[in-house]
Engineer: 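Okay, handing you the structure first.
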Amino acid sequence: MNLILRSLFIALVCCWLTPTAIAQLSSDEFAPRSFGDGPFETLIIEGAYLIDGLGGPTQGPVNITIKNDRITRIQLQAYVDPESQPSGDGVKVIDAAGHYVMPGLINAHGHIHSVEAGKNGGGGEIPSQYIGKLWLAHGITSVREVGNSRSLDWVMDVTRRARNSEILLPRIYPYPFFPTRLSNEALNTPKQAREFVRQAAKAGAHGIKFLGAPRRILAAAYDEADKLGLKTTQHHAQTSVVESNVLVTSGLGLDAMEHWYGLPEALFEDRVVQDYSRDYIYQNEQDRFGEAGQLWQQAAKPGSDKWGEVMQTLLDRDFHIIPTFTIYIANRNWMAARRADWHDSYTLPQLWDFFRPSLIAHGSYWFDWTQEEELDWSENFGLWMQFINEYKNRGGLVGVGEDAGYIYSTYGFGLIREMELLREAGFHPLEVVRAATLINARILGVDDEIGSVEVGKKADLVIVPENPLRNFKTLYATGHLRLNTETGNVERIGGVDYTIRDGIVYDAAVLRQEIRDEVAAEKKARGLAPGYMAIENTDD
């Protein structure tokens, strides 16, 4: 047993290492941008229905004019004088009649991992280009990248190349990991914490991602980040949450939180410490995630004085929450998560190897996952979603992020699943789109540039053939199944038509085909059947 726990500890520490602690890999693994048209002297999107991201109802049909990388005009098509429309060699027109256009989606919690899968024994690396293609294929034009297993130099090189549209990747806003006491390079003094933040700012980081540290360390780091104009966010690791829940960290100056850790603990009324079982081991991940499913049941009830007090304090501090419901949804129904439609065609075998039960891979904790854990998590989700929806209703900023690459969540698909879960939590579909675009841009502090379809803003747009407000499933790369009542055939509809970033038009169908081909080729190289996704660690 000691050997197993030691392996688990090493795996978790590796996931949390500061980027400089992992062997550096070249950003040359990203192929030069092989396709994508533009930007154009003039690009006109004609006849689309517009969901502008501001929260208002759909408008249109409209014509949207783009000059290079900026939106310069939005007109109701009924008022457009055809003779006044630009024409000639420098003009590109997209006929979007009957289609819908909305702002480019922003992923507020992404990771460009590549080395994680290899820890599961024979899995292999996840190509970063595969991640970028999946994001773009789902209409994601910007990513708040909250830490990975690479060096800061690598991250900043990728950030630069992505912003220059040299590689197939959304625009990146990097938040390097702050070293923790579980890493080999922990920061143990306020002076060290400030120096780390200064170095990250000098390198060009947009923010810092924290996991947990003593209060004096966090306070110094938050303060230095604020002085330098860096954003801060935190996954409140359970190893530190008793001393520093969200009431503590937001009071010290933290801007935002990821997931839910630290929030129910701030709502405790009759305890200080989570009701851990007596033989609980944090590095045993079924212990960690299984008992986490009981946390919201231990917190103050909705509508109680404590519930209202904590919420109002966070609202007063303009605290932002990125819940990432999607990365925990497998806990509610493991069978559904592992048999999702997209795994066969879009999930690389090495990523699947990382997902399946393992003692050493982070987030692969399905050692003996029973209906009891699923029932706990179903109740957990109900209470958690109620808090998040009320927080939004009272003016709090709630972002949309996926945290894909773990727990049966495939990149890109995870963000659309998160949009569905926010709808389940009580958000109106227009509120969901607003959260995934304008609110995420506000959390990043870049809503003057991106996040809505407005004149003067960046030309980051998504064109889709179906109404996403009616059914977010039509945004999946797999599309949505619907019966054609005239032919009697079941048809696959939807998927993104075009993702436009900085005025460059990417054909999402081409991206989807490239990803499917890559997955098929990898399976063929391994001697696997096209639809093979085994859960057992066998060669059958």
Engineer: Within the side chain of K209, is there an N or O that forms a donor-acceptor pair under 3.5 Å with the backbone of H235?
Structural biologist: no

Engineer: Side chains of I450 and R171, heavy atoms from C-beta outward: is any pair under 4.5 Å?
Structural biologist: yes

Engineer: For Y173, does the six-membered ring have the charged nitrogen or CZ of R163 within the cation-pi criterion, i.e. under 6.0 angstrom from the centroid and within 45° of the normal?
Structural biologist: yes

Engineer: With no hydrogens and no angle check, is any side-chain donor or acceptor of S452 less than 3.5 Å from a backbone partner on D52?
Structural biologist: no

Engineer: On a heavy-atom basis, which atom in S142 and which in P170 lie closest, and how many Å separate them?
Structural biologist: N-CB, 3.7 Å

Engineer: Are P61 and E46 side-chain neighbours, meaning at least one heavy-atom pair lies under 4.5 Å?
Structural biologist: no

Engineer: According to the interplanar angle, ranging from 0 to 90°, do the rings of F210 and F178 count as parallel (below 30°), tilted (30 to 60°) or perpendicular (above 60°)?
Structural biologist: tilted

Engineer: Quick check: does any side chain N or O of N440 sit under 3.5 Å from a backbone N or O of V400, one acting as donor and the other as acceptor?
Structural biologist: yes

Engineer: Pairing donors with acceptors under 3.5 angstrom, does anything connect the side chains of Y476 and E420?
Structural biologist: yes

Engineer: Describe, in one word, how the ring planes of W384 and W260 are oriented to each other, choosing from parallel (under 30°), tilted (30 to 60°) and perpendicular (over 60°).
Structural biologist: perpendicular

Engineer: Without swapping roles, check the side chain of H99 against the backbone of A48 for a donor-acceptor pair under 3.5 Å.
Structural biologist: no

Engineer: Decide yes or no for R144 and I106: does some side-chain heavy atom of the first lie under 4.5 Å from some side-chain heavy atom of the second?
Structural biologist: no

Engineer: Are the side chain of D255 and the backbone of T233 linked by a donor-acceptor contact shorter than 3.5 Å?
Structural biologist: no

Engineer: Would you check if Y506 and L168 make a side-chain contact, meaning some heavy-atom pair closer than 4.5 Å?
Structural biologist: yes

Engineer: Does any non-hydrogen side-chain atom of D403 lie less than 4.5 Å from one of T326?
Structural biologist: no

Engineer: Could you walk me through whether H259 and T324 satisfy the side chain to side chain donor-acceptor pair (under 3.5 Å) test, starting with their C-alpha distance in whole Å, then the side-chain angles of each, then the deciding distance to 0.1 Å, before giving a yes or no?
Structural biologist: CA-CA 5 Å; H259 315 308; T324 66; 2.7 Å; yes

Engineer: W135 vs Y411 aromatic rings, parallel, tilted or perpendicular, using cut-offs 30° and 60°?
Structural biologist: perpendicular

Engineer: Quick one: does any side-chain atom of K473 pair with a main-chain N or O of G494 as donor and acceptor, under 3.5 Å?
Structural biologist: no

Engineer: According to the interplanar angle, ranging from 0 to 90°, do the rings of H206 and Y175 count as parallel (below 30°), tilted (30 to 60°) or perpendicular (above 60°)?
Structural biologist: tilted

Engineer: Suppose we screen for side-chain hydrogen bond (donor to acceptor under 3.5 Å, both in side chains). Which residues come up paired with Y261, at least two apart in sequence or across chains?
Structural biologist: Y328

Engineer: State, yes or no, whether a side-chain contact exists between K231 and H320 at a heavy-atom distance under 4.5 Å.
Structural biologist: no

Engineer: To the nearest 0.5 Å, tell me how far I71 CD1 sits from L43 CG.
Structural biologist: 10.0 Å

Engineer: Are there over 12 heavy-atom neighbours, none belonging to E41, within less than 6.0 Å of that residue's CD?
Structural biologist: no

Engineer: Taking only Lys NZ, Arg NE, NH1 and NH2, and the carboxylate oxygens of Asp or Glu, determine whether R150 and E145 approach each other closer than 4.0 Å.
Structural biologist: no

Engineer: With respect to V464, which candidate in V101, D497, L475 satisfies the side-chain contact (heavy atoms from CB on, under 4.5 Å) definition?
Structural biologist: L475

Engineer: Under a 3.5 Å distance rule, please check whether R501 uses its side chain to pair with a backbone N or O of L169 as donor and acceptor.
Structural biologist: yes

Engineer: Is it the case that atom CZ in R492 sees more than 12 heavy atoms from other parts of the structure closer than 6.0 Å?
Structural biologist: yes

Engineer: Centre of F472's six-membered ring, under 6.0 Å away, within 45 degrees of the axis: is that where NZ or CZ of R423 sits?
Structural biologist: no

Engineer: Please find the pair of heavy atoms, one from N63 and one from G47, that lie closest to each other, and give the distance.
Structural biologist: OD1-N, 3.1 Å

